[in-house]
Amino acid sequence: MVDRNVDYSRQSDYMSTKCQDSSGNVFEIREARVSDAADWMAFVCSIAAERDRVMAFADEWPEALDQQEMIVQSILDHPSSCLALAIMDDEIIGVVELTGNRMRRTAHVASIGMSVHSQHRRRGVGQQLLKYGLIRARKMRLRKLKLSVFSQNRPAIALYQKAGFRNVGRWVDEVLLTDGSYDDLIHMERRV
């Protein structure tokens, strides 16, 4: 699954990837650092402020920098978790996160979540983030990735299906939307 538009390099346990979007713009996907906490949280809040893109509303994320740094540090400290940022011109344009389980019986499974800034969608950034997440999952010796996606997010569902994820369930009226209506959550998984 190596892409010719991507330069995969590895420095000890730190992974960095040079990528190109469909318009020819170069960006980097790299592991997050604690010093990225404020920028990461600002990105997440900007995505949450968009119409129904993530599970939490924008005002439900921690505002205090020390809390944000603690979240990033806890991700970095967990052996089967990863937070990686897609960066173009010193701005975060996308994020992929693997969240591993702490119990030994399910330590081989992680959840994957992704977000791409609205100005960079449908340009291959999400596809590159997903590839990065799959490579990291293999390096962490995970066996299965799972995710949940709003049923109205058809482009994301198509991307996940193209990458080999299969639909394994649906929770009806699971998510309260901004307009007061409800959406279903589609659950998907794939072997790594």
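In this chain, residues are counted from 1 in sequence order.
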What's the shortest heavy-atom distance between [X] and [Y], and which atoms?
| X | Y | value |
| --- | --- | --- |
| Thr17 | Cys19 | CG2-SG, 3.6 Å |
| Ala56 | Ala48 | O-CB, 3.6 Å |
| Ser151 | Arg170 | CB-NH2, 3.5 Å |
| Ala38 | Gln68 | CA-OE1, 3.4 Å |
| Ile47 | Ser115 | CG2-OG, 4.0 Å |
| Lys144 | Val192 | N-CG2, 3.8 Å |

Are [X] and [Y] linked, directly or through other ILVMFWY residues, by side chains that come within less than 4.5 angstrom of each other?
| X | Y | value |
| --- | --- | --- |
| Leu159 | Val54 | no |
| Phe43 | Val96 | no |
| Leu147 | Met140 | yes |
| Val125 | Val149 | yes |
| Phe165 | Leu185 | no |

[X], [atom1] atom: more than 12 neighbouring heavy atoms under 6.0 Å:
| X | atom1 | answer |
| --- | --- | --- |
| Phe57 | CZ | yes |
| Glu60 | CD | yes |
| Asp89 | CG | no |

Decide yes or no for [X] and [Y]: does some side-chain heavy atom of the first lie under 4.5 Å from some side-chain heavy atom of the second?
| X | Y | value |
| --- | --- | --- |
| Leu130 | Ile112 | yes |
| Leu76 | Val34 | yes |
| Val175 | Tyr182 | no |
| Met188 | Gln161 | yes |
| Tyr160 | Met114 | yes |
| Ile87 | Arg30 | yes |
| Leu134 | Arg190 | yes |
| Ile29 | Lys131 | no |

Pairwise distance [atom1]([X]) to [atom2]([Y]) - rounded to 0.5 angstrom:
| X | Y | atom1 | atom2 | answer |
| --- | --- | --- | --- | --- |
| Cys45 | Trp61 | SG | CH2 | 7.5 Å |
| Gln119 | Met88 | CD | CE | 10.5 Å |
| Ser181 | Asp173 | OG | CG | 9.0 Å |
| Ser80 | Arg141 | OG | CZ | 13.0 Å |
| Asp36 | Glu69 | CG | CD | 10.5 Å |
| Trp40 | Ile92 | CH2 | CD1 | 9.5 Å |

Answer yes or no: is there a donor N or O on one side and an acceptor on the other, between the side chain of [X] and the main chain of [Y], under 3.5 Å?
| X | Y | value |
| --- | --- | --- |
| Asn153 | Phe150 | no |
| Ser74 | Ile71 | yes |
| Asp183 | Gln152 | yes |
| Gln128 | Asp21 | no |

Show every donor-acceptor pair shorter than 3.5 Å between a side-chain atom in residues 98-105 and any protein atom, with sequence neighbours excluded, or say none if there are none.
{"from": "Thr99", "atom 1": "OG1", "to": "Glu97", "atom 2": "OE2", "distance (Å)": "3.3"}
{"from": "Asn101", "atom 1": "ND2", "to": "Thr106", "atom 2": "O", "distance (Å)": "2.9"}
{"from": "Asn101", "atom 1": "ND2", "to": "Val109", "atom 2": "O", "distance (Å)": "2.8"}

Check which hydrophobic residues are tied to Leu65 through side-chain heavy-atom contacts below 4.5 Å, counting indirect links as well, and list them.
none
Carboxylate-amine/guanidinium contact Arg121 Glu50, below 4.0 Å:
yes
Between Ser16 and Glu28, do the side chains contain an N or O donor and an N or O acceptor separated by less than 3.5 Å?
yes
Side-chain donor-acceptor pair under 3.5 Å between Tyr132 and Gln127, yes or no?
no
What residues, two or more places apart in sequence or in another chain, satisfy salt bridge (charged side-chain N to carboxylate O under 4.0 Å, His left out) together with Lys146?
none
Val95/Leu83 under side chain to side chain contact (heavy atoms under 4.5 Å, CB included): CA gap, chis, key distance, verdict:
CA-CA 7 Å; Val95 172; Leu83 176 62; 3.6 Å; yes
